[in-house]
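As structure tokens, the structure follows; a few thoughts come after it.
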Amino acid sequence: MDWGEFLRVAHVLGACVLIGTGSGIAFFMLMAHRTSDPSFVAQTASVVVVADMLFTATAAIAQPITGYLLMQHLGWSVSDGWLALSLALYVFIGLFWLPVVWIQTKMRDEARISVQQHIALTPRYNRLYRIWFACGVPAFSAIVVLLWLMVTRPHIAF
């Protein structure tokens, strides 16, 4: 495997980790939330926070590095329309992901409080969940478009 092939594999693998972990986390949080069981939500959110920091954060840091190196290796320019749009979408996704990490931590903490106090999930938890969900919709949509751009590399003029 030459350097270019290695970079492509690393970049695609990072994209798979981002979308796979992101969609998996969303699924598990959604399913836990649907139970309304504070203990189950607290346990699920605890694992989700770790998974987000371990997998998503690592891939999120690696993606721009492998992308830049791949761009340099292949002679692409950041002024190429599809690439510029990809970078803008990556920043857009990050602007939603960063608050989501914080929100997941707060959701976990709220669920733990509910468990300790033997009460239902709090209104604060439910408000955080709605914000978390609302952040996920544009971020997930944008990552699908971003993956499409990476695969098709359409001609886009600005």
Using only atom types and a distance under 3.5 Å, with no angle test, would you say the side chain of [X] pairs donor to acceptor with the backbone of [Y]?
{"X": "Ser114", "Y": "Ala120", "result": "yes"}
{"X": "Thr56", "Y": "Met53", "result": "no"}
{"X": "Asp80", "Y": "Trp76", "result": "no"}
{"X": "Thr21", "Y": "Leu18", "result": "no"}

Let me check something: any side-chain donor-acceptor pairs from residues 39-50 under 3.5 Å, sequence neighbours excluded? List them with distances.
from, atom 1, to, atom 2, distance (Å)
Thr44, OG1, Phe40, O, 2.8
Ser46, OG, Ala42, O, 2.8
Ser46, OG, Arg112, NH2, 2.9

Query - Flag if over 12 foreign heavy atoms under 6.0 Å of CZ, Phe133 - result: no
**Report entry** Enclosure of Phe55 CZ (heavy-atom neighbours >12, cutoff 6.0 Å)
**Finding:** no
Nearest heavy atoms of [X] and [Y], plus distance in Å:
{"X": "Gly94", "Y": "Pro99", "answer": "O-CD, 4.4 Å"}
{"X": "Ala139", "Y": "Phe96", "answer": "CB-CB, 3.8 Å"}
{"X": "Val101", "Y": "Thr105", "answer": "O-OG1, 3.0 Å"}
{"X": "Leu83", "Y": "Ser77", "answer": "CD2-O, 3.3 Å"}

Rounded to the nearest 0.5 Å, how far does [atom2] of [Y] lie from [atom1] of [X]?
{"X": "Ile93", "Y": "Leu98", "atom1": "CD1", "atom2": "CG", "value": "12.0 Å"}
{"X": "Trp82", "Y": "Leu87", "atom1": "CH2", "atom2": "CG", "value": "8.5 Å"}
{"X": "Ser86", "Y": "Leu149", "atom1": "OG", "atom2": "CG", "value": "4.0 Å"}
{"X": "Ile25", "Y": "Asp52", "atom1": "CD1", "atom2": "CG", "value": "3.5 Å"}

Query raised in the report: Does anything in residues 127-142 pair up under side chain to side chain donor-acceptor pair (under 3.5 Å), and if so which pairs, sequence neighbours excluded?
Result: Gln104-Trp132
Name each donor-acceptor pair under 3.5 Å that joins a side chain in residues 3-16 to protein atoms two or more places apart or in another chain, with its distance.
from, atom 1, to, atom 2, distance (Å)
Glu5, OE1, Asp2, N, 3.2
His11, ND1, Gln63, O, 3.4
His11, ND1, Thr66, OG1, 2.7
His11, ND1, Gly67, N, 3.3

Mind checking whether [X] and [Y] have side chains closer than 4.5 Å, heavy atoms only?
{"X": "Met107", "Y": "His33", "answer": "no"}
{"X": "Tyr125", "Y": "Lys106", "answer": "no"}
{"X": "Leu121", "Y": "Glu110", "answer": "no"}

Report summary line: Contacts of Trp97 meeting ring-ring contact (aromatic ring centres under 6.0 Å, His included) (sequence neighbours excluded), chain-then-number -> none
Requested in this report: Please identify each residue that fulfils ring-ring contact (aromatic ring centres under 6.0 Å, His included) with Phe140, with sequence neighbours left out.
Outcome: none
Query raised in the report: Met31: which other cluster members, linking ILVMFWY side chains closer than 4.5 Å, directly or transitively?
Result: Phe27, Phe28
